[in-house]
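Each ligand, and each atom within it, is numbered from 1 in the order the structure gives.
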Amino acid sequence: MQFKDIIGQESLKNKLINSVKENRISHAQLFIGKGSVGKLALAYAYAQYINCTDKKNDDSCGVCSSCRKYAAMSHPDLFFSYPVNTNATSTSKATETSVKKDPVSADFLVDWKKYLDEVKGYPDLFQWYQRIGIENKQGFISKEEGRNVIHQMQYKTVEAKYKVLIVWMVEKMQELTSNILLKMIEEPPENTLIFLIAEEKEKLLPTILSRVQQLYVPPIENEKLTSFLLTQHQSLTENQLSEIANLAGGDVFKANEIISNSTEIRENFDLFVEWMRLCYKKGSLDGIKTWVEKISKFGREKQKSFLNYTLRMVRESLLLNYGDKSLVRVLHNEEQFLSKFSPFIHLRNAILIQERVNMAIYEIERNAHSANLFADLSLKMSTYLKLDATAR
Ligand SMILES: [Zn+2]
């Protein structure tokens, strides 16, 4: 990872580069900041720069032997520690690694490299837990891990000027591990750099905090995050992305999450509007047939997502009609549609629709034939929409 791969954070990059030029690299540094703002990426690029044998004025060269090994995450003098847990009972398919007891980072090294590469150095804790199949537990950095690290760091460097240890999410360290780390910070092995990455300063031991150089990594500047997002999502405009960057608070992971959710919402919305029009209109059997063909081609998860969206629209309609309007949480285009649609939803048919849709979700989970299921559901919908609110 090079400095040029980092989104924004120009002044921090300069600060780090200058520390190398002025030969005042501190051996223990803490990169602290909330969310995916580039803490690990910065520490990584910094370590690569320090060990680059052909440094440029503002970045590592990217081609020397050290840089190439750093890029492949295969440098023998580069070490990582990160939170893990046992995952032997997990049904998650994201990893083939299976750990029954005493989990340490090394057990998940293959997953870690793959994950870091995929997220380009911007990891997210919960997503990492999902990758290694421990999402229902807390990850931690154990004392066994601490001992492993001590063991690794005691040897001379293999080929680099400095051995580098990057500890991601230091707050997940067990207390004993923190003490092992503290000892290493106080009496560092020769030519060793320790870069700690953390989100919450309050969760770190004061003794550690007082012995490291602290670098606050702020949210990514809106303009920089927007231009980065523009390169990834060409279907969205600069204005939309700037709004998303702002909503995400300068966190690249959150921004991407908002984007993928909003794409799904938009798709479900279009599909729902079309469906409701067809169900209400007389003589639209052909239209319904085409619509059913379309949704039958979707995967099961997408079909369920659509049905859950339908449930939400019915709930929002009821709220608009009977409840507290301030509770209605809808997007602009949904609001316009609901203002015309909600009069057709009342307590009587809402209950019927909800029952029927929930049943459809249940059936999809049990591999029902989706074309039949959606055809049947459409006919029911068409009856329910025309029901009188008060008739018996
Ligand atoms: Zn280089």
Side-chain angles (χ1 to χ4, degrees), residues 1-33 36-82 105-106 109-123 149 152-168 184-185 188-197 212-213 215 217 220-221 224-225 227-228 231-232 252:
M1 174 140 258
Q2 291 180 269
F3 284 119
K4 70 172 172 54
D5 302 320
I6 287 161
I7 315 163
Q9 311 290 16
E10 296 305 325
S11 69
L12 270 181
K13 285 185 210 171
N14 289 334
K15 197 171 166 179
L16 293 169
I17 290 168
N18 286 335
S19 76
V20 180
K21 287 181 182 162
E22 292 157 15
N23 209 6
R24 41 171 190 82
I25 306 166
S26 138
H27 80 280
Q29 308 196 28
L30 171 68
F31 295 74
I32 193 146
S36 294
V37 291
K39 302 182 289 287
L40 184 126
L42 276 164
Y44 203 128
Y46 186 37
Q48 178 166 339
Y49 185 68
I50 291 168
N51 283 306
C52 173
T53 54
D54 190 17
K55 291 181 194 46
K56 305 297 167 201
N57 190 39
D58 58 353
D59 214 336
S60 45
C61 74
V63 289
C64 72
S65 159
S66 170
C67 279
R68 273 185 281 124
K69 286 175 186 163
Y70 257 87
M73 272 184 264
S74 63
H75 202 293
D77 297 311
L78 173 67
F79 303 93
F80 286 100
S81 267
Y82 34 82
S105 299
L109 188 61
V110 174
D111 295 295
W112 174 250
K113 285 183 177 176
K114 214 166 109 188
Y115 178 57
L116 266 201
D117 187 48
E118 190 189 308
V119 297
K120 313 247 179 303
Y122 287 76
V149 167
Q152 285 169 339
M153 304 308 278
Q154 71 183 348
Y155 297 107
K156 278 197 175 345
T157 58
V158 181
E159 52 188 65
K161 190 168 175 198
Y162 290 99
K163 279 183 295 228
V164 178
L165 168 67
I166 298 179
V167 185
W168 181 55
M184 199 160 74
I185 292 172
E190 223 184 326
N191 300 326
T192 297
L193 300 174
I194 303 166
F195 296 156
L196 309 177
I197 320 284
V212 296
Q213 178 173 311
L215 273 139
V217 185
I220 304 166
E221 306 89 315
K224 293 288 160 67
L225 184 51
S227 358
F228 171 77
T231 64
Q232 313 275 304
V252 65

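Excluding waters, the count of protein N/O/S atoms less than 2.8 Å from the Zn ion (ligand 1) comes to 4.
By the ring-ring contact (aromatic ring centres under 6.0 Å, His included) test, Y155 is found to be paired with H151, residues two or more places apart in sequence or in another chain being considered. Scored by the salt bridge (charged side-chain N to carboxylate O under 4.0 Å, His left out) test, K55 finds no partners at all (sequence neighbours excluded). With sequence neighbours excluded, the residues that form a ring-ring contact (aromatic ring centres under 6.0 Å, His included) with Y44 are Y70, F80.
Side-chain contact between N51 and K69: absent, with no pair of heavy atoms (C-beta onward) separated by less than 4.5 Å.
Within 6.0 Å of the NZ atom in K156, the count of heavy atoms belonging to other residues, nucleotides or ligands does not exceed 12.
The OH atom of Y122 sits 4.0 Å away from atom CD1 of I7, with the distance rounded to the nearest 0.5 Å.
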